[in-house]
There are 4 protein chains.
Amino acid sequence: MPEFQARFKGRAEMLAYCKKNGIKVEASAKKPYSMDRNLLHISFESGVLEDPWAEPPRTCSNSALRLRMRLTRRNTWNWFLKRAYASWSMASASHRRTLCARSTNSAANTASARVDLVENRFVGMKSRGVYETPGGTILHFAHHQMETLTMDREVMHLRDSLIPKYSELVYYGFWFSPEREALQALVTESQKNVTGTVRLKLYKGNIITAGRKSPVSLYNPRVATMEADKGAYNQTDATGFIRLNALRLKVAAQVRDNKG
Amino acid sequence: MPEFQARFKGRAEMLAYCKKNGIKVEASAKKPYSMDRNLLHISFESGVLEDPWAEPPRTCSNSALRLRMRLTRRNTWNWFLKRAYASWSMASASHRRTLCARSTNSAANTASARVDLVENRFVGMKSRGVYETPGGTILHFAHHQMETLTMDREVMHLRDSLIPKYSELVYYGFWFSPEREALQALVTESQKNVTGTVRLKLYKGNIITAGRKSPVSLYNPRVATMEADKGAYNQTDATGFIRLNALRLKVAAQVRDNKG
Amino acid sequence: MPEFQARFKGRAEMLAYCKKNGIKVEASAKKPYSMDRNLLHISFESGVLEDPWAEPPRTCSNSALRLRMRLTRRNTWNWFLKRAYASWSMASASHRRTLCARSTNSAANTASARVDLVENRFVGMKSRGVYETPGGTILHFAHHQMETLTMDREVMHLRDSLIPKYSELVYYGFWFSPEREALQALVTESQKNVTGTVRLKLYKGNIITAGRKSPVSLYNPRVATMEADKGAYNQTDATGFIRLNALRLKVAAQVRDNKG
Amino acid sequence: MPEFQARFKGRAEMLAYCKKNGIKVEASAKKPYSMDRNLLHISFESGVLEDPWAEPPRTCSNSALRLRMRLTRRNTWNWFLKRAYASWSMASASHRRTLCARSTNSAANTASARVDLVENRFVGMKSRGVYETPGGTILHFAHHQMETLTMDREVMHLRDSLIPKYSELVYYGFWFSPEREALQALVTESQKNVTGTVRLKLYKGNIITAGRKSPVSLYNPRVATMEADKGAYNQTDATGFIRLNALRLKVAAQVRDNKG
């Protein structure tokens, strides 16, 4: 390991070694950034991207499309392009994999889900990266839409407050840690009612909600309606609700007035 | 108040009263939803929108544009449309107001920043709303970009974990509460180094980062670079860093192995 | 309910009714406070205790002992008083109930675990109460000691940050809520390794740890020792650990220096 | 530094060197643990204390008293011992230092505030320590009592949820970090109303609240009382308060019933 570090001090030395020994790599003078790709996403970093004021070059910006060409041979998404709508129902893991691949293609077609960000590495430095995660972004968006319909308010606010910690753990490489497992238990519990169908429109990089429904929706039009004859929500309840929620503020105001 | 509630049980009764008395209101059979507008945003709720599976009608969807027409008479943003780039420098409060108005128009032109969501009201019900906040969305995006460059990692993660609480307080109407003021002290402190310039591209509903720079940027290319001769980051430090971060996990694994 | 409220406007009216109708209650002129008792604890509130500057009267202060007399007829804790030590092993639920009853008596004998506090009611007011929870306090103390030995650091800090929320939910009456269940999933997961034996000394109101051990202890003397020949902890690892943990602070200091 | 590490691999080698060179140190065969002392506290670690099942030896257990003998020559606390009460008013920093010294002596006299704990070091290991912080413990207790009387409920719950993070930062040595400063801003804001007088009893290791009062107390007996003629709290407000707080749970229960 120290020998390896001494020999290849940086990316430049590695590229020189590859060239000399006829090892093919994608990084080059023309695409002067590193590029990592897997089923879920593609990332661009280093080289010209090291200046956060510099806009990513065009070669980097077309990658989602090229990613698509590799993932699917038959253009199964002609259907999608014509219809311009897609629906996701919550499904089994294998179904989700399929959805992810198909979403990746849909998104690639419409250039969705490209982020250019300055991130905070575990080792303590900021670094700049450009990421494309088209399928993942769509599934995440759809999933969140389903949560808004089926997840309890307090559970959602609690879960949201813990996501920065959860994300940090995954990003830092602590997937196999007891704290990730403890958070997972909460997150998994929060999901037990999240199921239904979301309808999305993908349009030139935009993901637009076109509808969501669920057999276990917590949205109850009979409660939410502002129409008198339909409503189950009793307006007079609001009086006591507001008064008691304000009680501590009222007492504090009296104390302030007595002082002043 | 109880008399008022008895007389106008719902929105339908109110509309009838308005019609009978010649009071002009915008809600009607053609636009069967309520509409609230201020300098920052426009919201659509109720009526046909009460079904979260229903897509918002076209009349509702063109509103940002109409909002633009009212806010500016002269098309000061021809410049913007031609150049397709805009830069925001952090500025005084009056400057921010101007920015907000100009951003609103830019965004309206490109149909940015429309959200269709199921939200959780303070009184305990879910409800569906469609919001357009074009200028606010762009400023928020630009501001967050500047934070990624100038805000410390730990401050950002801490702040992020408290945003669900802060948002909840603002949404529920607890702006004038001591807990909002306590959170504000933390948020204000987190912002003291956040200043610089962000360059954005607005394209058909997308907000795209085209660059960010700051005199107090915490992004240090000399630390972040992967090139050997430039780097200030010492790779060998990673060995001890990784080992000690893993120490507790290693001890736990030994305990598991002894048990099994 | 409104009729009931109209008739018995406060505690004074209720006491008068009881007296008139020969209903026996414990509250009286001599013990001018309310008193609620169950297997786990006894609480004193109202009356003379409404002034938070007033010290609780002696009648109130002997209650833990009187509680003991009611809970056990035979003095099974002579053993305890002579030995002055007690050990708790984590055990089944029925065992825990027994432990709780026995702890209550031990604690009552030594006047442990009385709290005098100003609390924050759900309805928005502060109120003053005096509580005695001898057995519960000892079990909680013992349990926490076992956690320090067997619970991962990060899990503990995460759990601790959520306890104010968990406690709030229990105190406000939201046991049967999805957010309590979500938190419970995390808390339950955090406990899966918490087992072992704690040895305590109870002395005149003090709970003193006299030892703790566990077959799944994460305390590893071979790692923690400061003796060279035994240690598994490598001091040189600390160099990289400290340097990388300080990297972001170092970069920030450079930025500040350049500005100044 | 590496030379130093090579020469003194552990505490045993250091003690041998000290003996050989006539350097006086307190650690010895008789007191086989390390001992660190400052104005605020004394700590015992290592040696025989490395076994968390072992009770600390008597020499270690009398230290608070010995600490007292060094800090004060004249027994200024005879007054305290006779009166058995002490009052703390919030005061200037110099006053707080005096209070801390006097509290240390009071507490030492009554053997308060000794903790025996297994802690989690920053470098990833658990370690066992015995600490005595008599004055600090009393001041902390008194301060918390004042908070219960004068601090808003929501501010307190928020602050409490952040204390594990704040403590972690101080313990790990991140006092001069921007995240500690951000948290500090919140904590400082939370304290702005915390002032008044607390009366405590110290009795054989127990710290007992004997009263607290404040010119800015948020405890309002007129709100909290259960007596009808005095009360400012309107019981009927509770109806709407309870109904709306339960609304989301009621809707969720209906959804569950429809499914079952």
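Each chain gets a letter, A, B and so on, in the order its sequence line appears, and its residues count up from 1. Values in this document were obtained by computation on a predicted structure and should not be read as measured data.
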**Student:** Can you tell which part of A238(A) gets under 4.5 Å to a heavy atom of chain B, answering side chain, backbone, both or neither?
**Tutor:**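 Neither; nothing under 4.5 Å.
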
**Student:** Under 6.0 Å between ring centres, would you say that holds for Y171(B) and F122(B)?
**Tutor:**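 Between F122(B) and Y171(B), which both carry aromatic rings, the centre distance is not below 6.0 Å.
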
**Student:** Using side-chain hydrogen bond (donor to acceptor under 3.5 Å, both in side chains) as the criterion, list what pairs up with Y172(B), not counting sequence neighbours.
**Tutor:**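 Scan of Y172(B) (side-chain hydrogen bond (donor to acceptor under 3.5 Å, both in side chains), adjacent residues dropped) gives R153(A).
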
**Student:** Under a 4.5 Å cutoff for heavy-atom pairs, which residue among H157(B), E119(B), Q145(B) has the most contacts with chain A?
**Tutor:**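 Looking at each of H157(B), E119(B), Q145(B) in turn, H157(B) comes out on top.
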
**Student:** With a 4.5 angstrom heavy-atom cut-off, which part of L218(A) approaches chain B: side chain, backbone, both or neither?
**Tutor:**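 For L218(A), heavy atoms of backbone and side chain both lie under 4.5 Å from chain B.
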
**Student:** Between D51(B), T148(B), L162(B), which shows the greatest number of heavy-atom pairs under 4.5 Å with chain A?
**Tutor:**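 Between D51(B), T148(B), L162(B), the count favours T148(B).
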
**Student:** For the candidates D160(A), D152(A), V123(A), L158(A), which exhibits the highest count of non-hydrogen atom pairs separated by less than 4.5 Å from chain B?
**Tutor:**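 Going by pairs under 4.5 Å, I would pick V123(A).
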
**Student:** Where the side chain of N120(A) meets the backbone of K126(A), is there a donor-acceptor pair that is under 3.5 Å apart?
**Tutor:**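 The answer is no, because no donor-acceptor pair under 3.5 Å joins these two groups.
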
**Student:** At a heavy-atom separation under 4.5 Å, does M156(A) approach chain B through its side chain, its backbone, both, or neither?
**Tutor:**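 For M156(A), the contact with chain B is made by the side chain alone.
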
**Student:** Ignoring hydrogens and angles, write down the donor-acceptor pairs under 3.5 Å from the side chains of residues 239-247 of chain A, residues two or more places apart or on other chains.
**Tutor:**
| residue | atom | partner | partner atom | Å |
| --- | --- | --- | --- | --- |
| T239(A) | OG1 | T236(A) | O | 3.4 |
| R243(A) | NH1 | D237(D) | OD1 | 3.0 |
| N245(A) | ND2 | F241(A) | O | 2.9 |

**Student:** Considering only NZ, NE, NH1 and NH2 on the basic side and carboxylate oxygens on the acidic side, decide whether K165(A) and E154(B) come within less than 4.0 Å.
**Tutor:**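 Salt bridge flag = no for E154(B) with K165(A).
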
